[in-house]
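For reference, the structure I am asking about is given below.
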Amino acid sequence: MNKRIWKILRWMCFVLLFTVSITRKVDAKEIQRVINVVYDDSGSMIRMNGKTVDTWCQAKYSMEVFAAMLGENDTMNIYVMSDYMSNKNAKPKLTLSGKKGLKTNVKKVHKMITRAQDTPFRSVEKAYEDLVKKDADEKWLVVLTDGEFDEFIKEKDKGKSKIDDYFSNKEKDIKLIFFGMGANAAEITANEEENIYYEKAKNSKEILTKVTQISTRIYNSDRLDVDTASKKISFDVPMSQLIVFAQGAKVKINNIKSKDGTKFKSSETETVKYSEKAATNYDDVKVDKNLAGKVATFTGDFTAGEYTIDVDGAETIEVYYKPNVEIAAYLKNADGEEVTNIESLEAGEYTIEFGFIKAGTNEIVPESKLLGNVTYVADVTNNGKKHDKQYSSGDKIRLEEGNLKIDATASFLDYNTVSTSLEYNIYKNKQVTFSVESDPDYLIFRKGMTTDEKNQKECNPIVIRLTLDGSPFTDEEWAALETPKVTLGDQVREDEKGFFASLDFLDFFRKFNSVDELKVEKATEPGVINIYPSIQKNDPESGTYVSSNYSMKVYSQVGKAVWTGEMNSKVKVLDKRSILEREAGTLIRIGITIGFVILLLGFTPLIKKRFPKTMKKNPTIICKPIPYGRTDSAHGRFTKDTMTVFLPFVPEQGTLRFVPSGTVGVPNMKLKAAGGSKMTIMNTAAFAGRNNITIDGMYIPETPNGSNGRTKLLQKSPNMMIDVKTDTMKYSCVPRN
């Protein structure tokens, strides 16, 4: 393979494998998330200091929003505080599965009504204990409450400290959001480094803001800017999901339309709204009817661009998004070129780089503010030993032969991450080199091909020795190497001698032969290849045998390493037969060619005479009555002798009838082409002495006027006038008319 083709193939390989220069292994399934929500259904959520409050309504509304945004693999368990007054190990009041869809989940939350009692911290402990036992990618504990817990109500500041202590000792894989509702809501100390978050909303207006912030944190999504007048959104990175949350009593979310007019329908739409009833033991309650809206989930492949939200009756519109991205990692070698051959990565120093691609593709995603501040880190383990440092994009990394694993993570926005695990083995590609140890001449005799002129039955092989990276092959390496492929190339005539070899113009007629096959054999001795040239049935054909180029290629996949090599050489062939044995066929072909040329000459105008083209097949005959009457016309007939038309060298011959059909006593005229515009009247004697027939106004005399005593043959053109008189008619005919 020449260098240009090899470069093209390498470039194509890079395009296909750009983002998987190291084997990329990304988990394609959706993240599995468990959310345990603790709902404070205590009396203080309904009535505070003798006055009705709508904090319960806010909490119920928040849970409906959480339920509406569950992903397909998400689970949300709702723990109601009142259940833990009498049963400290009560099970969740509701378990919601994202697979059930937002309609089902929102309705379950909306219909949930409990008996309002106190605020036991045991409900939080039970929700946490259950969460520890879960196996999930993400675990969230969400606490919705308005006041202090019963267990700590008398301890004032110490109560807050004890709650902080409890949460500070949580498992690291559990994330906590404590959502305080109302002016007197309990507080905790936030520690975002430990995934402990605190939010507080004093009234319904703040609830609408905080609940969406909490949702985006839990579900790894963020908000897009919405042009309130045109209801347009735009983004410059691909999206996998758009969630539209429109608030309003009579809001209707229709669809999302792209700039080219394509409409996207929601996979699910559901109303989230205030509840009318707070608890089974409270009738007089305050309801905040401003808490109403709809949530529509649009899932699919949203390419970067501008979109319009088709929504009616909305007071506010918020759109949450999930970027459809994966992390990609690749290496650059010492020359700054991207590594494309991932199956055989050689040991050495490389530069590791990261970037984003569209999920499931190799399409590069550009930098965007919608991804926020992006950081990349990678842990590297080579041959079971983890490197001390974490690598960032652009860092140098030294790879040693053996197993390698890179765990790369990209963090973007405030709380989004994507990870990939890159695993591969490092191998060293090896070069196979060749040296010819035996290169005999192959001699062609009448009885076959040989390498020994005296012992014409013997035919020794071409012997080639191979080395691997300059070293002899071991037995194991030789066993692993695939048998090289040998290909016959062009014929080489530089060794040909003799009469015919000096006359290049005769090559058109000659036949040149080469060996028909090269049989390749790996010898038992490591590194030795035998090549056996052969001709068909060892029976030389007519024609001269000449040398041939050949190429040998090695491409052997050994594990993930590749051993390659290529050489070009020549099979030297000398035809020892006599000229007649070799060139008998050439002489026959020359003779056949000469005969064919002569035959063709017989059809050329210089040799083969043809009738003038002006001769009509049906010439007109003028018919005049004698002595007078009305002149009429008829048609004669000119026909060619078919055989004379197609025979070479032979002039065309034909017959002309120049009087009307049925006229008695007038012979037809026999004609032969004489070249140019002339014709010879071959039966001139048939018209001699006939005083009623003239040609061009002249009678043909009865007395012979030829030198041999015969009537001289006339030569005429198609313009000749032939007149014939009978007792009653005069016929005139010009053959060209």
Side-chain angles (χ1 to χ4, degrees), residues 33-42 44-46 48 53-70 74 76-82 92-94 96 109 112 114 116 119-121 123-128 131 138-149 152 159-160 163-164 166-168 170 174-192 194-221 223 245 272 274-275 278 288 291 293 295 318 320 414-415:
R33 187 184 291 107
V34 175
I35 308 159
N36 284 3
V37 179
V38 181
Y39 167 50
D40 184 354
D41 66 338
S42 63
S44 63
M45 298 280 284
I46 302 168
M48 177 73 71
V53 292
D54 58 8
T55 312
W56 69 273
C57 195
Q58 298 167 10
K60 285 285 295 293
Y61 184 75
S62 299
M63 288 193 294
E64 287 191 29
V65 174
F66 297 161
M69 294 189 178
L70 282 172
D74 295 344
M76 188 165 82
N77 301 298
I78 297 177
Y79 294 76
V80 176
M81 286 190 178
S82 60
K93 177 69 72 176
L94 287 179
L96 309 176
V109 176
M112 184 183 73
T114 64
T119 314
F121 190 72
S123 58
V124 178
E125 294 174 333
K126 183 62 167 66
Y128 170 75
L131 196 57
E138 283 193 9
K139 302 177 186 180
W140 285 91
L141 177 62
V142 182
V143 181
L144 308 176
T145 184
D146 72 332
E148 295 179 306
F149 293 97
F152 313 122
K160 176 180 178 299
I163 296 173
D164 285 343
Y166 181 81
F167 290 141
S168 66
K170 70 174 181 62
I174 293 179
K175 301 175 182 180
L176 167 71
I177 293 180
F178 194 96
F179 192 10
M181 298 180 173
N184 299 316
E187 296 184 4
I188 67 165
T189 302
N191 185 350
E192 295 195 3
E194 296 295 327
N195 291 315
I196 299 175
Y197 305 95
Y198 174 71
E199 299 288 351
K200 182 176 181 179
K202 297 178 181 179
N203 50 49
S204 293
K205 186 176 181 180
E206 291 185 3
I207 282 286
L208 297 177
T209 302
K210 296 295 183 179
V211 74
T212 54
Q213 290 179 356
I214 293 172
S215 294
T216 56
R217 188 179 296 279
I218 294 173
Y219 297 110
N220 284 348
S221 60
R223 277 183 286 190
F245 181 21
V272 289
Y274 58 87
S275 296
D288 186 350
L291 299 173
V295 178
E318 292 180 324
Y320 305 93
D414 291 328
Y415 28 76

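All values derive from a computational prediction rather than experimental measurement. Residue indices begin at 1 and follow the sequence shown.
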Show your working on side-chain contact (heavy atoms from CB on, under 4.5 Å) between Val124 and Phe149 and close with a plain yes or no.
CA-CA 10 Å; Val124 178; Phe149 293 97; 3.9 Å; yes
Distance in Å, Tyr39 OH paired with Thr114 OG1, rounded so as to fall on 0.5 Å steps:
5.5 Å
Please answer whether the main-chain N or O of Gly180 pairs with a side-chain N or O of Lys210 as donor and acceptor at a distance below 3.5 Å.
no
Evaluate side-chain hydrogen bond (donor to acceptor under 3.5 Å, both in side chains) for Thr55 paired with Asp146, printing each intermediate quantity in order.
CA-CA 7 Å; Thr55 312; Asp146 72 332; 5.0 Å; no
Considering all heavy atoms of both residues, which atom of Asp288 and which atom of Asp54 are nearest to each other, and what is their separation?
CB-OD2, 3.4 Å
Provide the closest heavy-atom pair for Tyr219 versus Arg33 in the form atom of the first, atom of the second, distance.
CD2-NH1, 3.8 Å
In terms of heavy-atom contacts, Ser123 and Val38 come closest through OG-CG1, 3.6 Å
Restricting to non-hydrogen atoms, name the atom on Trp56 and the atom on Ser275 that form the minimum distance, rounded to 0.1 Å.
CH2-O, 3.0 Å
How long is the gap from CD on Glu187 to NZ on Lys200, to the nearest 0.5 Å?
4.5 Å
Starting at OG of Ser42, measure out to CE of Met48 and round the result to the nearest 0.5 Å.
7.5 Å
In Å and rounded to the nearest 0.5 Å, what is the NZ to OH distance from Lys126 to Tyr79?
5.5 Å
Residue pair Thr145 / Met45: nearest heavy atoms and the distance that separates them
C-SD, 4.4 Å
Which one of Leu176, Asn36, Ile35 satisfies the side chain to side chain contact (heavy atoms under 4.5 Å, CB included) criterion with Leu131?
Asn36
Test item: Asp41 side-chain N/O and Val80 main-chain N/O as donor-acceptor pair under 3.5 Å
no
Nearest heavy atoms of Glu138 and Ile218, plus distance in Å
OE1-O, 3.8 Å
So which of Phe178, Phe167, Tyr166 actually passes ring-ring contact (aromatic ring centres under 6.0 Å, His included) with Tyr128?
Tyr166
